[in-house]
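All residue numbers refer to positions in the sequence shown, counting from 1.
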Amino acid sequence: MPALVALLTDDELGRTREAADLTRYEAAHDAISRDSSHFLAAVRDESDRIVGTMQLTVVPGLSRGGATRLQIEAVRVAASERSSGLGTAMFEWAHEHGRNHGATLAQLTTDHARDQALRFYERLGYVHSHAGLKRPL
């Protein structure tokens, strides 16, 4: 868990919103592990160091003719691995995971401040077709 949290904090936004206490992360991991709709990916390099992560959730839906969606969240690639092709490989794998679980559409959100991430997602074929909104509860 410490390595995954370290990846989540390794950018300008993560440094301000992630926490040092692992208790809530461990509880979240337990909940993710118990629900087969979720998959938490941890990518390791040749040295067994975690260099990438993302959470995948298969979401059944009524709209679009009952389409199942693949929701992609918490995507991070270690700074040392960015621009190496790892992110593209992770998304290719995620898309295949979604297709294998009946998804016909992949979706994600990213903060407007993540300019490089936005350009990366656009290169992968994602389009700005919807406005995403968030509200603390």
Side-chain angles (χ1 to χ4, degrees):
M1 192 54 56
L4 292 176
V5 174
L7 277 177
L8 294 174
T9 61
D10 186 25
D11 69 20
E12 64 281 354
L13 298 174
R15 279 189 279 282
T16 62
R17 66 179 177 206
E18 302 300 335
D21 179 12
L22 298 180
T23 305
R24 292 184 65 194
Y25 294 99
E26 290 165 350
H29 180 268
D30 288 344
I32 291 166
S33 297
R34 285 191 307 271
D35 186 339
S36 63
S37 296
H38 299 283
F39 184 83
L40 180 61
V43 181
R44 295 180 181 273
D45 67 8
E46 310 80 38
S47 304
D48 206 35
R49 183 177 62 104
I50 294 178
V51 294
T53 188
M54 62 183 163
Q55 180 183 342
L56 308 177
T57 303
V58 176
V59 183
L62 290 176
S63 67
R64 295 181 182 241
T68 297
R69 298 162 191 255
L70 174 67
Q71 179 71 32
I72 304 172
E73 293 285 336
V75 177
R76 296 293 190 285
V77 172
S80 62
E81 301 297 320
R82 292 180 193 144
S83 298
S84 71
L86 177 60
T88 299
M90 287 171 58
F91 269 83
E92 288 171 355
W93 186 91
H95 295 156
E96 187 63 25
H97 173 86
R99 282 189 290 276
N100 289 339
H101 288 84
T104 58
L105 179 72
Q107 61 188 28
L108 57 84
T109 61
T110 191
D111 194 287
H112 287 291
R114 296 184 190 278
D115 294 329
Q116 287 181 305
L118 284 165
R119 286 191 299 275
F120 171 72
Y121 298 139
E122 288 170 345
R123 282 195 307 273
L124 294 177
Y126 288 83
V127 292
H128 291 258
S129 61
H130 292 70
L133 305 165
K134 297 183 186 263
R135 178 180 183 260
L137 298 177

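Between A94 and M54, the shortest heavy-atom distance links the atoms CB-CE, 3.7 Å. The heavy-atom pair separating L108 from I72 by the smallest distance is CB-O, 3.4 Å. Taking both residues in full, the closest heavy atoms of A67 and T104 are given as CB-OG1, 3.6 Å, listed atom of the first, atom of the second, then distance. P2 and L22 get closest at one heavy-atom pair: CG-CD1, 3.6 Å. When all heavy atoms of V5 and A19 are compared, the pair lying nearest together is CG1-O, 3.8 Å. The minimum heavy-atom distance linking G87 with V77 is given by the pair CA-CG2, 4.1 Å.
Around CD of Q116, the count of heavy atoms belonging to other residues, nucleotides or ligands within 6.0 Å does not exceed 12. More than 12 heavy atoms of other residues, nucleotides or ligands lie within 6.0 Å of CZ in R17, so this atom counts as buried by the packing criterion.
In this structure the side chain of L86 reaches within 4.5 angstrom of the side chain of V43, judged on heavy atoms. Residues R123 and T88 are not in side-chain contact: their nearest non-hydrogen atoms beyond the backbone lie 4.5 Å or more apart. Using a 4.5 Å heavy-atom cutoff, the side chains of Q71 and R69 are not in contact. Using a 4.5 Å cut-off on side-chain heavy atoms (C-beta onward), W93 and H97 make contact. Within the 4.5 Å cutoff, the side chain of R82 has no heavy atoms near those of the F120 side chain.
Looking only at distances, a side-chain donor or acceptor of T53 sits under 3.5 Å from a matching main-chain atom of A41.
In this structure A42 satisfies the side-chain contact (heavy atoms from CB on, under 4.5 Å) test together with L4, I50, sequence neighbours excluded. With sequence neighbours excluded, no residue satisfies side-chain contact (heavy atoms from CB on, under 4.5 Å) with A28. Remark: H38 engages no residue in a ring-ring contact (aromatic ring centres under 6.0 Å, His included) (not counting sequence neighbours).
Taking CG from D10 and CD from E18, the interatomic distance works out to 11.5 Å, rounded to the nearest 0.5 Å. Within the model, atoms OG of S129 and CG of L105 stand 8.0 Å from one another, a figure rounded to the nearest 0.5 Å. Taken to the nearest 0.5 Å, the CZ atom of R119 stands 13.5 Å off from the CZ atom of R114. To the nearest 0.5 Å, atoms OG1 (T57) and NE2 (H101) are separated by 11.5 Å. Remark: M90 CE to R76 CZ distance equals 10.5 Å, nearest 0.5 Å.
Between Y126 and F91, the two ring planes are perpendicular [angle over 60°; tilted spans 30° to 60°].
If you chain together hydrophobic residues whose side chains sit under 4.5 Å apart, L7 and L56 never meet in one group. Residues V75 and L40 are members of separate hydrophobic clusters, defined by side-chain heavy-atom contacts under 4.5 angstrom among Ile, Leu, Val, Met, Phe, Trp and Tyr.
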Under the salt bridge (charged side-chain N to carboxylate O under 4.0 Å, His left out) criterion, do E96 and R99 qualify, and how do the steps go? CA-CA 5 Å; E96 187 63 25; R99 282 189 290 276; 3.0 Å; yes
